[in-house]
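What follows is one structure encoded as C-alpha cells, with my remarks underneath.
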Amino acid sequence: MKKIDFGQKFVKQNLQLFRCPVCQTPFDEVVGYSLSCPHHHTFDISKKGTLFFLTKQANNEYDKSMLQARHKILQAGLFDPIVDAIATYLGPEPETILDVGCGEGTPLARLLALRDGQDTAIGFDISKDGINLATQRPVDAFFCVADLARLPFNDHTISTIIDLFSPSAYDEFNRVAKTGGRLIKIIPNSDYLHELRVALFGTGQKNSSYSNDKVFDLFMTHYPSASIDKLTYEFSIPKGMQQDLLTMTPLHWGKGRQDNALQLVNALKTITVDVSVMVADF
C-alpha cells in the first residue's frame with residue numbers, strides 16, 4: 001500500500017480522534033486525500049502519508065544532521081530499555097497511543113513491535129524533517145507535524161500519552177486524555193550521558209552537570225500522585241558512532257569545550273543512560 005493511501009485509510013478509520021487546529025472543531029469528513037472540518041478548513045495528506053497541522057511557522061532546534069544521528073544511535077538500541085520499561089505500563093487491551101515529540105520514530109516503532117498489533121498509534125513532532133524520517137520505516141503508526149500547545153486531537157480520545165524527553169503541555173494532555181488513561185513522561189537524571197559531558201567539558205564546569213529539578217517539580221505539581229521509577233543502565237557505543245552520539249544531543253552546541261574534547265569523545269566505549277519514568281493516571 002502506498003504511504004498516502006495508508007494515511008488516508010488511517011484518518012478515515014480514526015476520524016473521531018482529530019480536530020481542527022484552526023477552529024478546534026472536530027473534523028467531519030475525508031474527501032479524497034484531504035481532511036476537512038465543518039468550517040471548511042482543509043488539510044491535505046502528503047505523499048508520505050502524513051498531515052501538516054501547523055498554523056504558523058515553528059521554531060525547531062533539531063536539524064537534519066541531529067535527526068539522522070539520533071536515528072542511527074536509537075536504531076543501535078540506546079533507548080531500548082526505556083521503551084521496554086514503557087511497555088510494562090500498558091495493559092493487554094488495545095491502546096490509543098500518542099507519542100509526543102516522536103522525532104524520527106524509532107521508540108514508537110519499537111514499542112509497537114512489543115505489542116500485539118491492535119493499538120492505534122499516532123506520533124507527532126514540530127519537526128517536518130523528523131516526521132519524514134519516521135515515515136521511512138515499516139511501522140503501523142500515523143505521523144503528523146503538529147504544535148504541542150495546540151494538539152489536533154479531540155477531547156478524551158487518547159488512552160496513553162508518551163513523552164520521551166520532549167516538552168510538555170499539561171493542559172493539553174489533560175484535555176485529550178481519556179478518563180482512566182495515563183501519561184508516561186521520561187526525563188533525564190543527573191547522570192544521563194555523564195561520560196559525554198565530562199569528555200566535552202571536564203568536571204566542575206557549567207555544562208558538565210545536569211539538573212532536571214524544574215521539570216520534575218512542574219510535573220509533580222500537576223500530578224502529585226504520580227509514580228516515579230528510576231532507570232539506569234550502560235550502553236555500549238557501537239564502533240564509529242561516538243560522533244553520532246554527540247551530534248544527536250544539544251551538547252554539541254555547548255561552548256567551553258576542552259581542547260581535546262573530540263579526541264576524548266571518540267575514545268568513549270560506553271555511556272550512562274539515567275532517567276526517571278514518571279507515570280500519572282487521568
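These figures come from a predicted structure and were not determined experimentally.
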Checking side-chain polar atoms at under 3.5 Å, does N154 have a donor or acceptor matched by the opposite partner on Q16?
no
Contact summary for P21 and R150, nearest pair of heavy atoms
O-CD, 2.9 Å
Donor-acceptor pair, E172 side chain versus L151 backbone, under 3.5 Å?
yes
With sequence neighbours left out, which residue pairs that include part of residues 98-150 fulfil the ring-ring contact (aromatic ring centres under 6.0 Å, His included) condition?
F10-F142, F18-F142
Which is it for K178 and T160 under the side-chain contact (heavy atoms from CB on, under 4.5 Å) test, yes or no, and what are the steps along the way?
CA-CA 8 Å; K178 290 181 177 179; T160 294; over 6 Å; no
Sorted by chain and number, sequence neighbours left out, ring-ring contact (aromatic ring centres under 6.0 Å, His included) with H222 holds for Y170
Is any side-chain heavy atom of F79 closer than 4.5 Å to a side-chain heavy atom of T106?
no
I187 side, atom CD1; D163 side, atom CG - distance, nearest 0.5 Å:
10.0 Å
Can a donor-acceptor pair be found, under 3.5 Å and without considering hydrogens, that links the side chain of K12 to the backbone of V30?
no
Ion pair present between E195 and K269, side-chain N to carboxylate O less than 4.0 angstrom?
no
For the student: nearest non-hydrogen atoms of G91 and R115, plus distance
O-NH1, 2.7 Å
May I ask you to test the L15-F27 pair for a side-chain heavy-atom distance under 4.5 Å?
yes
Ring center gap for F43 and F53 short of 6.0 angstrom
yes
Looking only at heavy atoms, the pair that brings A134 and G103 closest together is CB-O, 3.9 Å
Test item: side-chain donor near acceptor, Y233 and D274, under 3.5 Å:
no
Pair I97, L90 - check side-chain contact (heavy atoms from CB on, under 4.5 Å), show working.
CA-CA 10 Å; I97 298 171; L90 305 185; 4.2 Å; yes
Tell me whether L264 is reachable from L193 by hopping between hydrophobic residues (I, L, V, M, F, W, Y) whose side-chain heavy atoms are closer than 4.5 Å.
no
Hphob cluster co-occupancy, I131 + F153, side-chain heavy atoms under 4.5 angstrom
no
Check ring-ring contact (aromatic ring centres under 6.0 Å, His included) between F235 and all other residues, then give those that pass, not counting sequence neighbours.
none
To the nearest 0.5 Å, tell me how far K72 NZ sits from E104 CD.
12.5 Å
N/O donor-acceptor pair under 3.5 Å between D119 side chain and P94 backbone
no
Which distance, rounded to the nearest 0.5 Å, do you find between the OG of S276 and the NZ of K230?
7.0 Å
Between the OG1 atom in T96 and the CG atom in N14, the distance rounded to the nearest 0.5 Å is 7.5 Å
I158-L111 co-clustered via ILVMFWY side chain contacts under 4.5 Å:
no
Do D191 and T272 meet the criterion of a side-chain donor-acceptor pair at a distance under 3.5 Å?
no
Could you check whether any side-chain heavy atom of I126 comes within less than 4.5 Å of a side-chain heavy atom of V145, counting everything from C-beta outward?
no
Do H71 and Q136 pass the side-chain contact (heavy atoms from CB on, under 4.5 Å) test, and can you show the C-alpha distance, the side-chain angles, and the key distance before you say yes or no?
CA-CA 11 Å; H71 175 75; Q136 293 178 14; over 6 Å; no
Hey, is CD on Q263 packed in by over 12 heavy atoms from elsewhere, all under 6.0 Å?
no
Can you see whether T247 engages R70 through a side-chain donor-acceptor pair at a distance of less than 3.5 angstrom?
no
Answer whether the closest heavy-atom distance between the side chains of C144 and T50 falls below 4.5 Å.
no
State the CD-CG distance between Q8 and L35, to the nearest 0.5 angstrom.
11.0 Å
Are L164 and V100 packed together at the side-chain level, in the sense that at least one heavy-atom pair is separated by less than 4.5 angstrom?
no
Side-chain heavy atoms under 4.5 angstrom apart, residues restricted to Ile, Leu, Val, Met, Phe, Trp, Tyr: same cluster for I184 and M278?
no
In short, N212 meets P188 closest at the heavy-atom pair ND2-O, 2.8 Å
Is there a path of hydrophobic side-chain contacts, each under 4.5 Å between heavy atoms of I/L/V/M/F/W/Y residues, joining I45 to V22?
yes
Take D84 and R110, measure what salt bridge (charged side-chain N to carboxylate O under 4.0 Å, His left out) needs, and give me the verdict at the end.
CA-CA 9 Å; D84 293 346; R110 176 171 175 81; 2.9 Å; yes
On a heavy-atom basis, which atom in Q243 and which in N266 lie closest, and how many Å separate them?
NE2-OD1, 3.0 Å
Before giving the answer on side-chain contact (heavy atoms from CB on, under 4.5 Å), spell out for T232 and V275 the whole-Å C-alpha distance, their side-chain angles and the decisive distance to 0.1 Å.
CA-CA 6 Å; T232 305; V275 302; over 6 Å; no
L246 versus L196: any side-chain heavy-atom pair under 4.5 Å?
yes
Any carboxylate oxygen within less than 4.0 angstrom of a Lys/Arg side-chain nitrogen, looking at D155 and R175?
yes
Could you walk me through whether D5 and Y33 pass side-chain hydrogen bond (donor to acceptor under 3.5 Å, both in side chains), step by step?
CA-CA 8 Å; D5 292 323; Y33 294 107; 2.6 Å; yes
Polar side-chain atom of H156 near backbone of V176 as donor-acceptor pair, under 3.5 Å:
no
Do you know the tightest heavy-atom contact between L133 and Q68?
CD1-N, 4.1 Å
Decide yes or no for Q24 and R19: does some side-chain heavy atom of the first lie under 4.5 Å from some side-chain heavy atom of the second?
yes
Heavy-atom distance under 4.5 Å between the side chains of P107 and I82, does that happen here?
no
E234 (side chain) donor-acceptor with I271 (main chain) under 3.5 angstrom
no
Return yes if a side-chain donor-acceptor contact under 3.5 Å exists between K185 and S168, otherwise no.
yes
How far does CG of L51 sit from OG of S34, to the nearest 0.5 angstrom?
9.0 Å
